Trainee: 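One structure, pasted below without further comment.
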Number of protein chains: 2
Amino acid sequence: MRYFILGFLNQRPMSGYDIKQFLEQFSWLIGSPSFGSLYPALHALLEEGLVSVDITARADKPLRKIYSITNAGRAALHEWLGQLTLSDAPLKSFVMCLILAENLSPAGLATYLHHRRDQVADHLTGLSQTVGTTDDALDLGQRLALDYGLAIATAELSWLDSTLAGLAG
Amino acid sequence: MRYFILGFLNQRPMSGYDIKQFLEQFSWLIGSPSFGSLYPALHALLEEGLVSVDITARADKPLRKIYSITNAGRAALHEWLGQLTLSDAPLKSFVMCLILAENLSPAGLATYLHHRRDQVADHLTGLSQTVGTTDDALDLGQRLALDYGLAIATAELSWLDSTLAGLAG
DNA sequence: ATGTGCATGTAACTGGTTACATGATTCG
DNA sequence: CGAATCATGTAACCAGTTACATGCACAT
């Protein structure tokens with residue numbers, strides 16, 4: 001989360017509210033953190049010198065605290081991104097890192113997406129086997145969930161393939 | 001989580017290890033709980049009388065604790081399922097409830113899926129608008145995440161439509 | 001014999017949510 | 001004038017992970 005916030009602020013200076021607003025867009029996919037975790041995280045980053053604040057009291061508007069990343073913050077972010085493994089991470093972790101793509105090198109991004117592609121492909125074959133072998137022993141919920149997983153994995157795989165093709169070309 | 005486990009045990013008696021195994025299948029989608037949360041949860045359910053244990057010491061095998069749901073557990077589960085709103089829940093919550101579909105009435109399931117359909121459709125139009133209006137102001141990560149969200153939402157929507165059609169027909 | 005899979009568990013820690021509290025602005 | 005949105009924050013609580021600890025079975 002700390003680094004997730006840091007990655008946002010590396011794109012452009014934002015307030016805590018802005019970050020929440022942006023993430024709200026993806027709430028149906030990955031959820032959105034509460035202010036109760038967002039604000040304390042910003043305070044912690046500030047104390048560690050990884051971000052700085054600019055308190056802007058705009059006329060006729062409530063005060064806003066615009067946070068910017070510092071050099072120390074950038075260093076910490078890139079160190080974190082460097083040692084990022086992401087082995088078998090859930091969809092949520094994948095999307096969170098995807099949003100931070102701007103902070104990765106083109107080669108790093110490609111590697112990351114390839115890695116994910118392989119993982120999803122593995123899970124797809126695993127799911128297909130489960131569906132194929134134990135077809136009638138499954139209850140409704142398991143059948144639906146398996147079927148849903150299959151649909152989503154297929155969609156993600158084709159997205160990864162076309163995105164990788166687009167980035168390469 | 002408590003109710004998630006309860007829903008599993010309502011389908012068939014299982015050990016903690018079994019539950020983990022099953023959930024592992026969906027780890028790339030929704031993650032899988034650690035034993036450190038699974039076992040204590042089972043102990044708590046046991047103390048509350050919502051589940052019962054059958055300790056089977058099989059010859060030449062390590063001991064297993066097979067948990068079964070009790071009548072009190074079934075009552076608690078159905079009460080919980082009844083007051084389930086799921087307004088604007090993230091994908092993870094949706095899948096978790098989907099797995100418990102067997103415990104819902106056909107009408108309840110249909111309502112639930114319709115509800116999700118509407119939510120996803122809303123988010124889809126929202127995402128499309130964002131992509132359409134602010135196309136060139138976005139950085140790489142945001143563009144990729146938006147694009148990914150669009151792909152997944154589209155896939156989920158069509159899955160929901162065909163599944164709803166299948167359940168109705 | 002060594003490692004991997006089965007199978008269970010505990011304790012410390014951490015991260016996040018929930019609920020609360022505040023206050024200005026804008027819209028109907 | 002009241003409701004919704006903007007905007008920030010705190011504290012108690014809780015759910016979960018991490019790391020540890022144990023032990024048998026089976027294959028190499």
Side-chain angles (χ1 to χ4, degrees), chain A residues 1-6 8-9 13-27 30-48 51 53-67 80 85-90 92-93 96 126, chain B residues 1-6 8-9 13-27 30-48 51-67 80 83 85-90 92-93 96 126:
Chain A
M1 181 85 271
R2 311 161 40 69
Y3 293 100
F4 194 42
I5 293 174
L6 222 45
F8 275 115
L9 298 179
M14 290 170 110
S15 71
Y17 198 86
D18 289 337
I19 295 174
K20 173 93 168 145
Q21 288 287 94
F22 178 78
L23 290 181
E24 209 74 10
Q25 266 188 304
F26 297 103
S27 66
I30 58 170
S32 179
S34 64
F35 286 121
S37 68
L38 202 46
Y39 287 127
L42 283 167
H43 299 335
L45 290 171
L46 190 60
E47 271 195 25
E48 293 169 64
V51 301
V53 214
D54 179 26
I55 299 161
T56 57
R58 302 150 305 159
D60 300 349
K61 297 255 169 160
L63 79 153
R64 292 185 100 218
K65 294 189 173 182
I66 307 292
Y67 291 88
W80 180 72
T85 47
L86 257 320
S87 46
D88 214 33
K92 179 176 174 174
S93 306
M96 283 170 78
Chain B
M1 182 84 270
R2 311 161 39 67
Y3 294 100
F4 194 41
I5 292 174
L6 222 44
F8 274 116
L9 297 179
M14 292 171 107
S15 71
Y17 198 85
D18 288 338
I19 295 174
K20 172 91 170 149
Q21 289 286 95
F22 177 79
L23 256 8
E24 208 75 11
Q25 265 188 306
F26 297 103
S27 67
I30 59 171
S32 179
S34 63
F35 286 120
S37 69
L38 203 46
Y39 287 126
L42 283 167
H43 299 335
L45 288 171
L46 190 61
E47 270 194 25
E48 292 168 67
V51 301
S52 62
V53 215
D54 180 25
I55 300 161
T56 56
R58 301 150 304 156
D60 301 347
K61 297 255 169 164
L63 80 153
R64 290 186 100 218
K65 294 189 174 183
I66 306 293
Y67 291 89
W80 180 73
Q83 65 181 38
T85 47
L86 256 318
S87 45
D88 214 31
K92 179 176 172 173
S93 306
M96 283 170 77

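In this text, all values refer to a predicted model and were calculated from it rather than measured experimentally. Naming: A, B, ... by sequence-line order, numbering from 1 per chain.
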Trainee: Among C:dG9, D:dC6, D:dA7, which is the nearest nucleotide to the side chain of B:K65?
Mentor: C:dG9
Trainee: Between the protein and nucleotides 16-23 of chain C, list the N/O to N/O atom pairs that are separated by less than 3.5 angstrom.
Mentor:
from, atom 1, to, atom 2, distance (Å)
C:dT17, OP2, A:S34, N, 3.0
C:dT17, OP2, A:S34, OG, 2.7
C:dT17, OP2, A:S37, OG, 3.1

Trainee: Which whole-number value in Å describes the distance from B:F4 CZ to D:dG16 P?
Mentor: 11 Å
Trainee: Check whether any side-chain heavy atom of A:L9 sits under 4.5 Å from a side-chain heavy atom of A:L42, and report yes or no.
Mentor: yes
Trainee: Choosing from D:dT10, D:dA7, C:dA7, which nucleotide comes nearest the side chain of A:Y17?
Mentor: D:dA7
Trainee: If I take atom CG in residue B:L63 and atom C1' in nucleotide C:dG9, what distance separates them, rounded to the nearest angstrom?
Mentor: 11 Å
Trainee: Using only side-chain N and O atoms of B:Y39, determine if any of them is under 4.0 Å from OP1 or OP2 of C:dG9.
Mentor: no
Trainee: With side chains defined as the heavy atoms from C-beta onward, is the minimum distance between A:H43 and A:E47 less than 4.5 Å?
Mentor: no
Trainee: Indicate yes or no for a side-chain donor-acceptor contact from A:K92 to the backbone of B:I30 under 3.5 Å, with no hydrogens or angles considered.
Mentor: no
Trainee: Calculate the interatomic distance between A:I66 atom CD1 and D:dT8 atom C1'; express it in whole Å.
Mentor: 12 Å
Trainee: Rounded at 0.5 Å granularity, tell me how far CE in A:M14 sits from CD1 in A:I5.
Mentor: 11.0 Å
Trainee: Identify which one of B:E24, B:Q25, B:Q21 satisfies the side chain to side chain donor-acceptor pair (under 3.5 Å) criterion when paired with B:S32.
Mentor: B:E24
Trainee: Tell me the interatomic distance from A:Y3, atom OH, to C:dG15, atom P, rounded to whole angstroms.
Mentor: 10 Å
Trainee: Write down the distance between CG (B:L23) and C1' (D:dG16), rounded to a whole number of angstrom.
Mentor: 14 Å
Trainee: Between C1' on D:dT8 and CE on A:M14, what's the gap in Å once rounded to a whole number?
Mentor: 16 Å
Trainee: Determine: side-chain N/O of A:H43 to OP1/OP2 of D:dT10, distance under 4.0 Å, yes or no.
Mentor: yes
Trainee: Ring-plane angle category for A:F22 and A:F8, please: parallel below 30°, perpendicular beyond 60°, tilted otherwise.
Mentor: perpendicular
Trainee: Answer yes or no: is there a side-chain heavy-atom contact under 4.5 Å between A:F4 and A:L23?
Mentor: yes
Trainee: Please report the distance, rounded to the nearest Å, between NZ in A:K92 and P in D:dT17.
Mentor: 12 Å
Trainee: Figure out the CG/P separation between B:L42 and C:dA7, and round it to whole Å.
Mentor: 15 Å
